[in-house]
Amino acid sequence: MKTVLLTVLVFGVIIILHETGHFLFAKLFHVKVEEFSFGMGPKLWSREKKGTQYSIRAFPIGGYVAMEGEDDAGSGAVVREELHSAAEGDPLYAKPAWQRLIIMVAGAVMNVILGFIMLVVVTAMSGLIGTTTVAVFDENSVSANYLQVGDEIIKVNGYNTRFYGDATFQMLRDEDGVIDFTLIRDGKSMEITVPFETEELADGIIGMHMDFKFLGEPVSFGNTITYAFHWTFSVVKQVWYSLIDVITGRYGLQAISGPVGTATIISQASAQGLRSFLLLVAFITINVGVFNLLPLPALDGGRILFVLIEMIFRKPVPPKYEAWVHRIGIILLLGLIAVVTASDIIKLFH
């Protein structure tokens with residue numbers, strides 16, 4: 001029960017904050033918002049204020065902001081149950097493309113902002129802030145034959161890694177345990193190839209053993225904010241890299257977690273303490289924000305793509321075609337969720 005409640009709380013906050021981003025900018029641009037709902041399914045409570053209905057629904061697994069013209073551009077208001085008074089504002093489709101673009105992006109931006117705040121807290125709770133400078137080697141370290149204490153790593157396998165999180169992510173992402181470093185030693189830039197010990201993990205992924213540690217520096221107010229800022233955008237990049245790895249087949253279905261798998265991870269993180277829990281919330285909310293910006297039908301990114309096409313060609317895609325694309329996208333997205341959930345359940349039994 002604790003796992004269920006924590007999962008509902010985490011996703012409830014993340015999704016409502018996402019929808020609040022859409023809502024605030026819709027109101028700012030005077031778009032007619034018909035309903036702002038917390039939860040899905042049957043309505044439990046509602047109140048109308050200034051033409052917008054605020055409601056709580058039975059299943060706290062999400063929420064939505066219903067804007068006139070969002071789903072049926074050019075054909076008038078979207079009809080919603082039990083809406084009897086006209087909301088203030090204009091249909092979404094009547095607004096300039098740049099305003100619609102901002103409204104669509106605002107949800108993901110709110111998710112990233114939440115992630116940044118969580119990472120500020122996590123960083124402040126840390127004793128040290130990681131750098132990309134080699135500090136100490138493990139006993140019997142293989143990399144000690146190639147690297148030296150004081151080496152500042154600026155690239156891993158060709159990827160820029162001037163932030164600690166970028167360096168560790170790209171190292172752990174390596175497939176064969178042989179890593180190409182670009183580093184600064186004694187003020188000079190140099191390239192070096194370093195082998196590491198590897199092992200096959202339970203999910204079939206090859207894991208690399210990092211046999212050295214990076215230097216940490218004391219936490220201060222200034223470097224906490226700076227570090228959290230860089231960490232936030234490092235996570236954004238990590239999400240993109242991970243998605244590309246899945247699409248290209250580098251990682252299989254077993255590397256993806258759906259609602260069931262995520263609930264298990266949330267439970268484990270909460271058992272490890274507040275810092276681990278907040279760190280996971282930060283990663284989840286940034287993942288939700290980035291995923292929603294993917295140019296896929298039914299996601300914000302899909303709608304953004306149609307707005308960008310309109311801005312480029314100065315002519316909108318016919319509404320009926322866009323509507324069909326989003327309907328098909330929803331079906332495919334639900335199918336993906338079903339497959340990933342089934343995979344999560346199978347992994348639980350194993």
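Because the structure is a prediction, the values reported are computed rather than measured.
Considering all non-hydrogen atoms of both residues, Ala167 and Thr132 come closest at CB-CG2, 4.3 Å. The heavy-atom pair separating Pro195 from Thr193 by the smallest distance is CD-O, 4.1 Å. The heavy-atom pair separating Pro218 from Leu128 by the smallest distance is N-CD2, 4.0 Å. Of all non-hydrogen atoms in Met110 and Gly21, the two that sit nearest each other are CG-CA, 3.5 Å.
Open room surrounds CH2 on Trp324; 12 or fewer heavy atoms of other groups in view lie less than 6.0 Å from it. More than 12 heavy atoms of other residues, nucleotides or ligands lie within 6.0 Å of CZ in Phe212, so this atom counts as buried by the packing criterion. Within 6.0 Å of atom CG in Asp176, more than 12 heavy atoms from other residues, nucleotides or ligands are found, so the atom counts as buried in its surroundings. Under a cut-off of 6.0 angstrom, the local environment of NZ in Lys95 is crowded, with over 12 non-hydrogen atoms contributed by other residues, nucleotides or ligands. The 12-atom threshold is exceeded at CZ of Arg185, counting heavy atoms of other residues, nucleotides or ligands nearer than 6.0 Å.
In this structure, Ile103 and Leu92 have side chains that are in contact, with non-hydrogen atoms separated by less than 4.5 Å. The side-chain heavy atoms of Ser37 and Lys43, taken from C-beta on, include no pair separated by under 4.5 Å. Side-chain contact between Asp180 and Val156 is absent, with no heavy-atom pair separated by less than 4.5 Å. Proximity of Ile284 to Ile266: side-chain heavy atoms (C-beta onward) are separated by under 4.5 Å at one or more points. Here the side chains of Met210 and Met171 are in contact, with some heavy-atom distance below 4.5 Å. Counting heavy atoms from C-beta outward, Ile56 and Ser46 have side chains that stay 4.5 Å or more apart. Using a 4.5 Å cut-off on side-chain heavy atoms (C-beta onward), Trp231 and Thr123 make contact. Considering only heavy atoms from C-beta on, Asp151 stays 4.5 Å or farther from Thr133 through its side chain.
Of the inter-residue distances, the one linking Leu147 atom CG with Ile153 atom CD1 reads 5.5 Å to the nearest 0.5 angstrom. Here the CD atom belonging to Gln272 is positioned 10.0 Å from the CG atom belonging to Leu279, to the nearest 0.5 angstrom. Note that the CD atom of Gln238 and the CZ atom of Phe283 stand 5.5 Å from one another [nearest 0.5 Å]. Separation of atoms CD1 (Ile265) and CZ (Phe277) is listed at 13.0 Å; rounding is to 0.5 Å. Ser55 OG to Tyr64 OH: the interatomic distance, rounded to the nearest 0.5 Å, is 5.0 Å. Considering CD1 of Ile304 and CG of Leu296, their distance stands at 11.5 Å, rounded to 0.5 Å.
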### Task
Walk me through it: do Ile179 and Tyr146 pass the test side-chain contact (heavy atoms from CB on, under 4.5 Å)?
CA-CA 11 Å; Ile179 300 179; Tyr146 304 86; over 6 Å; no

### Message
Checking Glu68 against Val31 for the side-chain contact (heavy atoms from CB on, under 4.5 Å) test, could you report, in this order, the C-alpha distance in whole Å, the side-chain angles of both residues, the deciding distance, and whether it holds?
### Response
CA-CA 8 Å; Glu68 180 184 344; Val31 172; over 6 Å; no

### Task
Begin from the C-alpha positions of Val325 and Phe306 and carry the test side-chain contact (heavy atoms from CB on, under 4.5 Å) through to its verdict.
CA-CA 10 Å; Val325 169; Phe306 280 102; 4.0 Å; yes

### Query
Should Val120 and Tyr227 be marked as a side-chain contact (heavy atoms from CB on, under 4.5 Å) after you check the CA-CA gap, both sets of side-chain angles, and the distance that decides it?
CA-CA 8 Å; Val120 168; Tyr227 187 84; over 6 Å; no

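Side-chain contact annotation: Arg173 with Ser242, donor-acceptor N/O pair under 3.5 Å absent. Side chain to side chain, Gln268 and Thr264 fail the donor-acceptor criterion of an N or O pair below 3.5 Å. For Asn160 and Asp166, the side-chain atoms include no donor-acceptor pair closer than 3.5 Å. Between the side chains of Ser141 and Asp211, at least one donor N or O lies within less than 3.5 Å of an accepting N or O. Tyr54 and Glu35 are not linked by any side-chain donor-acceptor pair at a separation below 3.5 angstrom, with hydrogens and angles left out of the test. Gln170 and Lys237 share no donor-acceptor pair across their side chains, judged by distance under 3.5 Å alone. Side-chain contact check for Asn223 and Ser220: at least one donor-acceptor pair (N or O, by modelled atom type) lies under 3.5 Å.
Note on Asp90 versus Lys32: no salt bridge recorded, every NZ/NE/NH1/NH2 to OD/OE distance being 4.0 Å or above. Remark: Glu310 engages Arg100 in a salt bridge, criterion side-chain N to carboxylate O under 4.0 Å. A salt bridge links Asp138 and Lys213; the closest N-O separation between the charged side-chain nitrogens and carboxylate oxygens is under 4.0 Å.
Side chain of Thr52 to backbone of Val33: a donor-acceptor contact under 3.5 angstrom is found. Put simply, the side chain of Asp300 never gets that close to the backbone of Leu293: no donor and acceptor are under 3.5 Å apart. A side-chain donor-acceptor contact under 3.5 Å links Thr161 to the backbone of Lys155. Side-chain atoms of Asn292 do not come within 3.5 Å of backbone N or O of Gly289 as any donor-acceptor pair. Judged purely by atom type and a 3.5 angstrom limit, Arg57 uses its side chain to pair as donor or acceptor with the backbone of Gly41. Remark: the backbone N or O of Gly273 is not paired with any side-chain donor or acceptor of Ser276 at under 3.5 angstrom. Judged by distance alone, the side chain of His230 and the main-chain N or O of Phe163 form no donor-acceptor pair under 3.5 Å. Put simply, the side chain of His209 never gets that close to the backbone of Thr198: no donor and acceptor are under 3.5 Å apart.
One hydrophobic cluster holds both Leu274 and Leu280 under the rule that ILVMFWY side chains link at heavy-atom gaps under 4.5 Å. Residues Ile113 and Val235 fall within the same hydrophobic cluster, defined by Ile, Leu, Val, Met, Phe, Trp and Tyr side chains chained together at heavy-atom separations under 4.5 Å. Clustering ILVMFWY residues whenever any of their side-chain heavy atoms sit less than 4.5 angstrom apart, transitively, puts Val136 in a cluster other than the one holding Val134. When the side chains of ILVMFWY residues are joined at heavy-atom separations under 4.5 Å, either directly or via intervening members, Val149 and Leu215 end up in two distinct hydrophobic clusters. Clustering ILVMFWY residues whenever any of their side-chain heavy atoms sit less than 4.5 angstrom apart, transitively, puts Leu308 in the very cluster that holds Val105.
Aromatic ring centroids of Tyr159 and Phe169 lie 6.0 Å or more apart. Outside the 6.0 Å centre-distance limit, the rings of Phe25 and Phe23 are not counted as a close aromatic pair. The distance between the ring centers of Phe29 and Trp98 falls below 6.0 angstrom.
Partner of Phe116 under the side-chain contact (heavy atoms from CB on, under 4.5 Å) criterion, chosen from Ile286, Thr285, Ile225: Ile225.
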